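For reference, the structure is listed below as structure tokens.
Excluded from the calculations below are hydrogen atoms, water molecules and symmetry mates; all remaining heavy atoms, backbone and side chain alike, are included. Quick caveat, the model's predicted, so the values are computed rather than measured.
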Amino acid sequence: MAVVPMTEGRRIPVIADEYVDREFGTGALKITPGHDPNDYAIGKKLGLPTINIMNRDGSLNENAGIYRGLDRFEARKRLWGDLEGADLAIRTEPYVLRVPRSQRGGEVVEPLVSMQWFVKTKPLAEKALEALENGDLKIIPERFEKTYTHWLSNIKDWCISRQLWWGHRIPVWYVKGIENVNDYIVAKTEEDAYLVAREKYGDNCVLEQESDVLDTWFSSGLWPFSTLGWPDVSREDFTRFYPTTVMETGHDILFFWVARMVMMGIEFTGKLPFSTVYLHGLVRDSQGRKMSKTLGNVIDPLDSISEFGTDALRFTLATGTTPGQDLNLSLERLNANKGFTNKLWNAGKFISQNLPHPNGKIASCCSSELRFTSHDELLKLPLCEQWIVSKLHSLIDDVSMSYEKLYLGEAGRAIYEFFWSEFADWYIEASKTRLYEHNYAPAASIAQSVLLYVFNNVLRLLHPFMPFVTEELWQHFFKGEALIVSPWPDCDLPKLEGPMQHFEIMQNLIRSIRNARSEYSVEPGRRISATLVTSGPLKDFLQAERAVLFALAKLDAESFELLSDIPVDANKAIQLVICDGLEAYLPLSGMVDVQSELLRLGKQVLKMQSEFDGLSTRLSSKSFLEKAPATVVQETQQKADELEEKLAAIKKQVTLLESMAVTPAR
């Protein structure tokens with residue numbers, strides 16, 4: 001036994017336990033089961049008494065002996081002084097430890113043993129584990145199933161009482177005057193509690209309700225069914241919506257909330273509350289740091305909504321990550337998706353302005369039932385329309401599959417790419433040749449129908465991500481039922497592979513011409529001459545879509561030629577090989593001022609040649625090759641190779657331009 005100093009001779013046993021680190025300090029540790037969670041566990045294991053020396057206001061109680069009534073901090077100072085005075089203090093050493101503090105007030109938190117309410121969780125956890133093991137419950141991403149299993153396999157009884165002013169008050173009543181804390185009444189209401197109490201303790205008994213409230217996670221665990229009328233399981237809401245299908249939440253509360261909903265749902269209803277758990281990542285700042293007031297990096301959602309819009313914020317969060325992966329949220333990404341929202345709105349504005357409006361109303365072609373669902377209907381369309389409708393049908397299949405698999409980010413990104421890169425950048429631009437040049441002729445009518453058909457389906461696909469702007473646009477075009485309750489687009493609609501390939505060839509042709517224009521610094525609005533050499537089906541569809549080609553590649557219609565053989569002046573033109581069976585020739589004389597371009601390229605060659613010579617000198621130096629790090633040598637060689645390739649290309653341009661230069665008359 002050992003005597004505890006300053007306690008008037010109180011004795012405690014000397015014990016051995018693997019918890020104590022013998023290399024730390026003296027190798028001995030005083031166990032205080034009443035004031036430390038780990039010591040409490042040791043005390044329970046070894047049968048030590050639990051002594052509490054502190055009142056709830058931080059002062060010491062009668063168990064503190066001569067220090068009774070003192071504040072905890074004053075008592076510590078006096079105790080140490082008394083130990084030194086009695087020559088019992090050996091030495092003092094500075095030691096840094098983790099001191100728990102109240103988040104709100106900053107006060108040092110003192111652990112105390114107190115009476116609390118607990119839930120015996122092992123029987124509940126066994127059923128929740130069984131649901132995962134037999135496949136009734138699925139967690140996405142799958143790796144979190146191990147976390148779920150580990151927690152529930154090592155679960156301890158759950159303390160559900162909290163000493164707070166808010167929350168669900170525990171429905172327990174005590175009879176005043178009876179000191180036995182285990183003598184209590186559980187009831188739904190105070191009236192019900194009095195009925196029980198008066199029968200047992202007489203009509204004059206007075207009840208007092210438990211002041212503790214339920215743990216937030218206990219109340220939240222009831223949410224899936226308590227919000228639907230439970231315990232009345234015949235309620236319409238309960239029978240219709242319980243159980244649900246997917247539970248979506250953050251991976252950080254898989255145990256705190258999800259596992260408890262599963263346990264309590266099975267216990268109280270006999271059914272899982274949901275069959276799939278989809279876990280998203282945490283939202284961090286642009287540098288990947290957790291948001292905190294201390295760092296000053298918190299992005300307020302309300303501020304983001306005010307600046308960028310709700311739809312842009314939703315789309316950014318939904319598409320910026322994969323299940324379980326944290327998202328680094330940046331203002332740049334929010335701004336980009338604000339631009340996407342504007343692009344969607346402007347596309348709707350363009351379509352609306354180019355539809356017939358008899359009597360101020362959008363024409364009947366705006367029916368939300370407009371469809372191109374048969375192969376024959378698709379074959380009747382021109383090439384551009386066949387391409388965009390086929391691409392749309394492929395998108396519907398891909399997005400629907402992604403939704404089914406809960407690949408939400410992939411679904412959103414696919415819609416974004418289709419709308420921006422294919423519909424807006426290509427088809428809307430191509431449709432202008434029908435709308436503006438045919439003045440509501442049959443070609444214009446077809447373009448109007450296709451524009452509206454594609455836009456209709458894009459709004460449906462995008463609505464779960466961006467509900468507000470899509471609903472607003474939907475109501476403008478398609479009067480009647482709201483978009484939120486409209487049917488999902490049909491899958492497995494026809495697609496024409498041949499026309500899609502032909503249009504992609506035309507896209508490559510236009511891109512190649514645009515690149516050549518950029519390379520030779522042709523003014524954006526200047527139309528240039530072009531000769532295409534091809535035959536067969538390629539020649540047919542290019543002839544049919546020449547208006548689109550002229551508009552998107554900025555070609556001169558009067559000088560444009562579509563030939564089967566190479567033109568006679570091919571040596572004075574830029575040759576572009578688009579694909580097997582299709583070449584384009586762009587006469588330089590119609591693109592650039594030859595003399596000015598030669599002067600510009602000459603200066604560029606001199607500058608690049610000087611840089612290339614410097615790199616070559618370094619690479620030919622034995623000292624450099626031996627002393628420089630291998631990565632530096634490799635980078636230098638790579639730069640030299642790139643410069644050599646660029647020089648060769650520019651010199652080829654110079655040679656071509658020189659062959660065209662007009663020698664001035666003497």
S59 and N55: side chain donor to acceptor below 3.5 Å: yes
Derivation and outcome, side-chain contact (heavy atoms from CB on, under 4.5 Å), residues V113 and N52: CA-CA 7 Å; V113 173; N52 174 29; 5.9 Å; no
Parallel, tilted or perpendicular: ring planes of Y184 versus Y174, cut at 30 and 60 degrees: perpendicular
Presence of salt bridge, D192 and K188, under 4.0 angstrom: no
Pair S486, E481: side-chain N/O donor-acceptor within cut-off below 3.5 Å: no
Check: F118 and Q116 side chains under 4.5 Å, non-hydrogen atoms: yes
Within 6.0 Å of CD in E110, more than 12 heavy atoms from elsewhere: yes
No-hydrogen, no-angle side-chain donor-acceptor test under 3.5 Å, H393 and N457: no
Test item: D39 side-chain N/O and T32 main-chain N/O as donor-acceptor pair under 3.5 Å: yes
NE2/H168: more than 12 non-hydrogen atoms of other groups inside 6.0 Å: no
Backbone of L331 reached by a side-chain donor or acceptor of N335 within 3.5 Å: no
Side-chain ion pair, R198 and D203, N-O less than 4.0 Å: no
Flag, side chain of R143 to backbone of G324, donor-acceptor distance under 3.5 Å: yes
D311 and T341 side chains, donor-acceptor separation under 3.5 Å: no
Under 3.5 Å side-chain donor-acceptor pair for D215 and W158: yes
Evaluation steps, side-chain hydrogen bond (donor to acceptor under 3.5 Å, both in side chains), between S400 and W488: CA-CA 9 Å; S400 298; W488 186 254; 2.9 Å; yes
Side-chain H-bond candidate by donor/acceptor type, N38 with Y19, under 3.5 Å: yes
Short side-chain to backbone donor-acceptor contact, Y148 and I139, under 3.5 Å: no
Distance-only side-chain donor-acceptor flag, D398 / Y407, under 3.5 Å: no
Main-chain N/O of G288 paired to D326 side chain as donor or acceptor, under 3.5 Å: no
N/O donor-acceptor pair under 3.5 Å between T121 side chain and K156 backbone: yes
Residues S286, N328; criterion side-chain hydrogen bond (donor to acceptor under 3.5 Å, both in side chains); working and verdict: CA-CA 5 Å; S286 58; N328 296 347; over 6 Å; no
Flag if over 12 foreign heavy atoms under 6.0 Å of CD1, I484: no
Donor-acceptor contact present, side-chain E471 to main-chain L483, <3.5 Å: yes
Carboxylate-amine/guanidinium contact R169 E208, below 4.0 Å: no
Intermediate values then yes/no, side-chain hydrogen bond (donor to acceptor under 3.5 Å, both in side chains), Y242 and D237: CA-CA 8 Å; Y242 189 89; D237 283 352; over 6 Å; no
Aromatic plane relationship, F419 with F340 - under 30° parallel, 30 to 60° tilted, over 60° perpendicular: perpendicular
Check: R314 side chain, P464 main-chain N or O, donor-acceptor pair, under 3.5 Å: yes
K290, NZ: over 12 other non-hydrogen atoms inside 6.0 angstrom: no
Validation row, ring centre Y95 to ring centre F24 under 6.0 Å: yes
CZ/F256: more than 12 non-hydrogen atoms of other groups inside 6.0 Å: no
Residue of the set L462, T319, N337 for which side chain to side chain contact (heavy atoms under 4.5 Å, CB included) holds with Y416: N337
E130 atom CD, over 12 foreign heavy atoms within 6.0 Å: no
Aromatic ring pairing F225/W230, orientation class (parallel under 30°, perpendicular over 60°, tilted between): perpendicular
T7 side-chain N/O to R10 backbone N/O, donor-acceptor pair under 3.5 Å: yes
Flag if over 12 foreign heavy atoms under 6.0 Å of CH2, W223: no
Any F255 side-chain heavy atom under 4.5 Å of T147 side chain: no
Enclosure of K120 NZ (heavy-atom neighbours >12, cutoff 6.0 Å): no
E267/K127 salt bridge by N-O under 4.0 Å criterion: yes
